[in-house]
J.: 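Below is a structure I'd like to ask you about.
Just so you know, ligand 1 is whichever comes first in the structure, and atom 1 is the first atom listed for that ligand.
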Amino acid sequence: MIRINKNHLYLKTLSVPQLDCPLCHLGNGMEMSFYQLQIETDNIHNTKKITASVSCKHCGQEIPVVRWDKELDAFYKTEKKQIKVITSFKIGTKGKILLWIAAVFFGAIFLLLAGLYIYGHLKPKV
Ligand SMILES: [Zn+2]
């Protein structure tokens, strides 16, 4: 028999002060926690599926997904895109160096473009 466990790996918690709680309608009290689904069999397998839970400090309740309003849903979708998932795929030293070079390379391009942009705006118009 194969044993399968589903775990929710904790990723991070973000406060959502700009939105009001759909249950008690108070603002500045909600927190959204993100989890990544992990399927545990003989060897642990991480999926890229991300779930989130929202709790409110004011009413002390967890807001069920069905009670999320449009804003909360939008917040979740935006943050979900930016979140880094944990993959069980391991990269070797060579891969890490390549990634590092790529990061520096794109970082340099970004700085160059930002510099040009700022320079273009600082230049007095003739
Ligand atoms: Zn509340």
J.: Assess whether side chain to side chain contact (heavy atoms under 4.5 Å, CB included) is satisfied between C21 and I63, documenting all intermediate values.
T.: CA-CA 8 Å; C21 170; I63 296 120; 4.1 Å; yes
J.: Side chains of L37 and T51: does their closest heavy-atom pair fall under 4.5 Å?
T.: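 In short, these two side chains do not touch, never coming nearer than 4.5 Å.
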J.: Which atoms form the tightest heavy-atom contact between L14 and F34, and what is the distance?
T.: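 Distance-wise, the nearest heavy atoms are CD1-CE1, 3.8 Å.
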J.: Quick one: name the protein N/O/S atoms under 2.8 Å from the Zn ion (ligand 1), chain by chain.
T.: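 For the Zn ion (ligand 1), the protein N, O and S atoms that sit under 2.8 Å away are C21 SG, C24 SG, C56 SG, C59 SG.
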J.: Is it the case that more than 12 heavy atoms not belonging to Y117 sit under 6.0 Å from its OH atom?
T.: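 Open: at most 12 neighbouring heavy atoms sit under 6.0 Å from OH of Y117.
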J.: I want to check something: taking the side chain as every heavy atom from C-beta on, are N46 and L9 in contact at a cut-off of under 4.5 Å?
T.: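 Side chain of N46 against side chain of L9, heavy atoms only: contact under 4.5 Å found.
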J.: Quick one: are L72 and M32 in side-chain contact, heavy atoms under 4.5 Å?
T.: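 Touching, per the 4.5 Å side-chain cut-off.
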